[in-house]
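Encoded as structure tokens, the structure appears first; notes follow it.
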Amino acid sequence: MAAVKTGLGTEKSSRLNRTSVLLLKCLGFIFAIFFFCEFLVYYLVIIQCHWPNPKTETIPNPTTPLKAIFLSDTHLLGEITGHWFDKLRREWQMERAYQSAIWLLQPDIVFILGDIFDEGKWSNSKAWENDVARFQAMFRHPPHTELLVVVGNHDIGFHYEMTVHKLNRFEKAFNLTSGKVVSRKGINFVLVNSVALEGDNCKICRAAEDQILEVSRQLSCSRMHYPLYRTSDSECTGEDAPSPEEKNLLFKEKYDVLSQYASQKLLRLIQPRLILSGHTHSACEVLHDNVPEISVPSFSWRNRNNPSFIMATITTEDFSLEKCFLPTENTVIRVYCVAAALLCICAVIYLLPLDFSKSFYTIKQKPV
């Protein structure tokens, strides 16, 4: 009897040790998967992106090219419709993607092309301050990198929702004036409040058009939220272009795109060599009288599975663009699912011998 008890005690101690070792291995595996999916994957994907080389260098002693990043439609969720887990998941994704890109690519300047917030058009003062504080924490940047934003319809509302108060608090929060010219390394950028280009002579609309007239003499590139007028996205191509169903949808002027009148007026007054816009959440490239317009996809997993941003190397003579994709949400979900399946398989394999051993000793101790 003593020998049997001793054997059972030794077996029990061995099982406890094996269980402890297994738990430690499982915890280590879980930590490794979490670290990969929530930190490392962003560096591994973005490190593959490289700055494009300038197309031409016609000046004998050219200045250092400006390295700019353009992203759009971050849509930070608010307190009205934003679910806490949705907010946590997607904002963590954007923060890690942005911080990884800043650390790896070291841009001179970053532009966010509108719809910074999802509920800016509804937010009261307290909610607005909380959203701005979250944005500043997520999109923090070193002193040598400058961050500029453009106003979008979700930030101040569509034309019929837009007020002077909403526009002023946006411009105060981000220390900018819509319609102003930003000059860096001899390159002029115009930040256009495209929401106000309604053409109905409203107070904000008049101010926006007056600002465009004021700066029309010194412009070369323009950034805004609404795309210039086009009938649809039917000509858009690429893996982050709209879906076939979305391509067939006709755009509504002053809602999906600027009106024809406003688009022609901008092109005539500004005469840009490059236009960048957001709003559609998908990628597209359109030519307007030989002037390229790049629609920048959404930066958030909430709006698309494969977010991206544009890297631009710009000189006073030319520009080159390159797209940098972020990790896809599906990839991260698959990794978590595979990891969970492996853990379950290991647990079953480990527990089966224990159940068999327990049954064996039970049978052995039964009286004959």
Side-chain angles (χ1 to χ4, degrees), residues 45 49 52 69-75 86 90 93-94 97 111-116 118 150-155 158-159 192 194-195 197-199 221-267 272-312 319-334:
V45 173
C49 301
I69 282 178
F70 300 91
L71 56 98
S72 185
D73 293 272
T74 52
H75 284 271
D86 191 9
R90 273 56 187 271
Q93 168 259 320
M94 287 191 289
F111 293 92
I112 303 182
L113 307 180
D115 279 1
I116 313 300
D118 197 60
V150 177
V151 67
N153 57 289
H154 276 266
D155 301 315
F158 284 100
H159 175 261
V192 178
S194 53
V195 182
L197 299 182
E198 188 76 8
C221 296
S222 63
R223 276 130 314 284
M224 57 192 180
H225 183 63
Y226 281 146
L228 293 185
Y229 175 78
R230 58 179 185 257
T231 57
S232 68
D233 275 342
S234 59
E235 298 181 3
C236 303
T237 58
E239 57 186 293
D240 54 351
S243 65
E245 295 77 15
E246 293 173 320
K247 286 184 178 182
N248 293 326
L249 297 176
L250 296 179
F251 282 150
K252 180 181 178 182
E253 292 186 54
K254 304 180 183 180
Y255 187 87
D256 299 309
V257 293
L258 288 179
S259 67
Q260 284 184 281
Y261 171 77
S263 300
Q264 293 168 359
K265 188 172 184 179
L266 275 176
L267 289 170
R273 52 176 167 148
L274 173 65
I275 302 168
L276 293 114
S277 60
H279 191 60
T280 64
H281 299 172
S282 299
C284 194
E285 182 173 350
V286 182
L287 285 177
H288 304 278
D289 298 327
N290 295 323
V291 178
E293 178 188 2
I294 308 298
S295 290
V296 182
S298 174
F299 194 66
S300 174
W301 274 346
R302 190 168 188 262
N303 296 319
R304 60 181 309 107
N305 178 55
N306 58 341
S308 62
F309 58 88
I310 299 294
M311 302 166 60
F319 61 87
S320 296
L321 305 178
E322 190 73 33
K323 185 174 293 182
C324 182
F325 283 94
L326 306 182
T328 63
E329 187 174 30
N330 284 350
T331 298
V332 174
I333 292 174
R334 288 192 191 103

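The basis for the numbers below is simple: all heavy atoms, side chains too, and nothing from hydrogens, waters or symmetry mates.
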Sub-4.5 Å side-chain heavy-atom contact between [X] and [Y]:
| X | Y | value |
| --- | --- | --- |
| Tyr226 | Val195 | yes |
| Thr74 | Ile112 | yes |
| Glu246 | Asp233 | no |
| Leu249 | Ser232 | no |
| Ser277 | Ser295 | yes |
| Val291 | Leu228 | no |

Measure the spacing between [atom1] of [X] and [atom2] of [Y] and express it to the nearest 0.5 Å.
| X | Y | atom1 | atom2 | result |
| --- | --- | --- | --- | --- |
| Glu253 | Thr231 | CD | OG1 | 10.5 Å |
| Glu285 | Thr237 | CD | OG1 | 8.0 Å |
| Cys49 | Ile69 | SG | CD1 | 9.0 Å |
| Ser259 | Leu197 | OG | CG | 8.0 Å |
| Asp256 | Thr280 | CG | OG1 | 9.5 Å |
| Ser308 | Leu326 | OG | CG | 7.0 Å |

Checklist entry - Out of Val296, Asp115, Asp118, which one pairs with Asp73 under the side chain to side chain contact (heavy atoms under 4.5 Å, CB included) rule? => result Asp115
Non-hydrogen atoms of [X] and [Y] that approach each other most closely:
| X | Y | value |
| --- | --- | --- |
| Ile116 | Asp155 | N-OD1, 2.9 Å |
| Pro327 | Pro307 | O-CD, 4.2 Å |
| Met311 | Pro52 | O-CG, 3.9 Å |
| Phe325 | Glu239 | CZ-CG, 3.5 Å |
| His279 | Ser72 | N-OG, 4.1 Å |
| Arg273 | Phe319 | O-CE2, 3.5 Å |

Next on the checklist: Ile275 vs Val286, test: side chain to side chain contact (heavy atoms under 4.5 Å, CB included). Steps then yes/no.
Outcome noted: CA-CA 10 Å; Ile275 302 168; Val286 182; over 6 Å; no
Next on the checklist: So if I apply the ring pair (Phe, Tyr, Trp, His ring centres under 6.0 Å) rule between Phe111 and each of Phe299, Phe70, Phe309, which one comes out positive?
Outcome noted: Phe70
Checklist outcome for this item: Residue pairs passing the salt bridge (Lys or Arg N to Asp or Glu O under 4.0 Å) test with at least one member in residues 319-329, sequence neighbours excluded, are Arg90-Glu329, Asp240-Lys323
Donor-acceptor pair, [X] side chain versus [Y] backbone, under 3.5 Å?
| X | Y | value |
| --- | --- | --- |
| His159 | Asn153 | no |
| Asn303 | Ser300 | no |
| Asn305 | Asn330 | yes |

Item to check | Evaluation steps, side chain to side chain contact (heavy atoms under 4.5 Å, CB included), between Glu235 and Arg230 | outcome: CA-CA 10 Å; Glu235 298 181 3; Arg230 58 179 185 257; over 6 Å; no
Checklist entry - Would one find more than 12 heavy atoms of other residues, nucleotides or ligands at under 6.0 Å from atom OH of Tyr261? => result no
Next on the checklist: Please enumerate all residues that pass ring-ring contact (aromatic ring centres under 6.0 Å, His included) together with His75, with sequence neighbours excluded.
Outcome noted: His154, His281
